[in-house]
Amino acid sequence: MKLHGIHVPHRKNTASLPPVRPEPPKTVTIPMSMHIGRPAKALVKRGDEVRVGTKIGEADGYISSPVHASVSGKVQKIDEITIMNGSKVAAVVIESDGLQTPDESIQPPEVHDLDTFIDAVKNSGSVGLGGAGFPTFVKFVTKDLSVFQEVVINAAECEPYITSDTRTMLDRGESVFKGVEALKKYLGIKKFIIGIENNKPEAIANMKRLASQTDGVTVHVLPAMYPQGGEKVLVYNTTKKIIPKGGLPLDVGVIVINVTTLAFIAEYLETGKPLVEKCITVDGGAVREPKNLVVPIGTTIADVLEMAGGLKTDPAKVLYGGPMMGIAVPSLDSPILKNTNAIIAMDAKEAKPPRTTPCISCGACINHCPLRLDPREIARAYKLANAEELEKLCVDLCMECGCCSYICPAHRPLVQTNKLAKAVLRNYQNSKKEGK
Ligand code: SF4
Ligand code: SF4
């Protein structure tokens, strides 16, 4: 099968820059929802003293995740903020005392079997750090360990600009492999594949060096072709297994885990320090000093940009994430979330949208879609509000990678239309379920 996808400029300007850890900001704003699933319930109120790692939000329900203070100081208020998907959520605003005093309760978790391992991962506050934000522990819940055949460690980092996973592989390689040992021990998995694009030679060398000292780990070097890190694409390209329509990697015996998430889990098992900080890439034409930063979760984007030397020009667009799948930030007061891996502040030239012209039926969007979808027909069906046709065209499979929009010579807003079309199909399917 031919690998579809596109070649994009890599712009990995910060790959050789080890992350720096600036002074903590004066305040942080920590939303109770930084994950897929139900928001956490706030456990603190105005005036409460907190320390780094104090639990400030309790997981609410099965698919949820606890939230911890990322600075020591005093709770200023419980605010309501708008998050990326446009919904409003409670957020704990903490005024930092600048001391970063750790919570006294922090200590390595007691882990001796699968159940205690899953509890530990849940208590750590871990969610998919590569961008998905799915609570990590859910991936490990099973009644039958034999379903876990292999782990694909997602180290592709195929989005332009972003190098935070690259830095994990260079600076925290030992933690990645301690994570491998933990999954071997508690999940009984023997086979691990690290999928890395070939544009990261130093990270590949470090992973190969460590893999040579560890049983069962292979490093799979992939062509640098976007979206190599898309879950379905990565699983196929590393294992030749095809995840069925509407299915999960586990349907073909695979757990996919982001390389930084795995390193974090290993570090949590050793220290008990929950997820309170993130390494993020700060780059883009408007940023004075592109770099990798380790910042407390909840640091505002305005503060992050200051930590990167400030802006050299007014940004025309600021993104959470990279230019292919990133989402425009609602405001520079928006906070760094658990799953933020980059802030890209684009100048006017980078952000200028090209002029849209009529479709010339060239088929490039279909030829470059990794999932062989037909964005041109999806756009037609969407315009006609034909939900049955959208269902036939499998628009719900679209992973919103943006390859179709990128390659379209007419600059049609295909991925944007797909997002809207998916919502139309969802409503139609929900109405059908409710018998309307
Ligand atoms: S790539 Fe653009 S111009 Fe070509 S068929 Fe698709 S929508 Fe039409
Ligand atoms: S249709 Fe969806 S999955 Fe296919 S290229 Fe476009 S955005 Fe990516």
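Both counts, for ligands and for their atoms, begin at 1 and track the order of listing.
For the pair Lys240 and Tyr236, the cation-pi test (distance below 6.0 Å, angle within 45°) is passed.
When ring centroids are compared, Phe177 and Phe192 stay outside the 6.0 Å threshold.
Under 3.5 Å, the side chains of Lys278 and Ser164 contain no donor-acceptor pair of N or O atoms. Side chain to side chain, Asn237 and Gln228 meet the donor-acceptor criterion of an N or O pair below 3.5 Å. Thr142 and Asp144 are not linked by any side-chain donor-acceptor pair at a separation below 3.5 angstrom, with hydrogens and angles left out of the test. Checking Asp165 against Asn341 by side-chain atom types alone, no donor-acceptor pair falls below 3.5 Å.
Less than 4.0 angstrom separates some heavy atom of Arg376 from each of these atoms of ligand 1: 5 (S). Ligand 1 places these atoms under 4.0 Å from at least one heavy atom of Pro409: 1 (S).
In this structure, Phe137 and Tyr62 have perpendicular ring planes: the angle between them is above 60°, well past the 30° mark.
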Table please: side-chain donor-acceptor pairs of residues 306-328 below 3.5 Å, with sequence neighbours left out.
residue: Tyr320; atom: OH; partner: Pro335; partner atom: O; Å: 2.6

Which pairs of donor and acceptor atoms, one on a side chain in residues 292-303, lie under 3.5 Å apart (sequence neighbours left out)?
residue: Asn292; atom: OD1; partner: Thr163; partner atom: OG1; Å: 3.3
residue: Asn292; atom: OD1; partner: Thr281; partner atom: OG1; Å: 2.7
residue: Asn292; atom: ND2; partner: Thr14; partner atom: O; Å: 3.1
residue: Asn292; atom: ND2; partner: Leu17; partner atom: O; Å: 3.3
residue: Asn292; atom: ND2; partner: Thr163; partner atom: OG1; Å: 3.0
residue: Thr299; atom: OG1; partner: Pro296; partner atom: O; Å: 2.6
residue: Thr300; atom: OG1; partner: Asp303; partner atom: N; Å: 3.1
residue: Thr300; atom: OG1; partner: Asp303; partner atom: OD2; Å: 3.3

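Protein contacts to atom 2 (Fe) of ligand 2 involving N, O or S atoms at a distance below 2.8 Å are Cys398 SG.
Considering only non-hydrogen protein atoms, atom 1 (S) of ligand 1 sits nearest to Cys365 N, 3.4 Å. Summary of contacts: the protein heavy atom closest to atom 4 (Fe) of ligand 1 is Cys362 SG, 2.3 Å. The closest protein non-hydrogen atom to atom 3 (S) of ligand 1 is Ile360 N, 3.4 Å. Counting protein heavy atoms only, atom 5 (S) of ligand 1 is closest to Gly363 N, 3.2 Å. Nearest non-hydrogen protein atom to atom 2 (Fe) of ligand 1 is Cys408 SG, 2.3 Å.
Under the side-chain contact (heavy atoms from CB on, under 4.5 Å) criterion, Cys408 pairs with Ala410, Arg412, Leu414, not counting sequence neighbours.
The option from Cys359, Ala379, Ala364 that lies nearest to atom 8 (Fe) of ligand 1, judged by heavy atoms, is Cys359.
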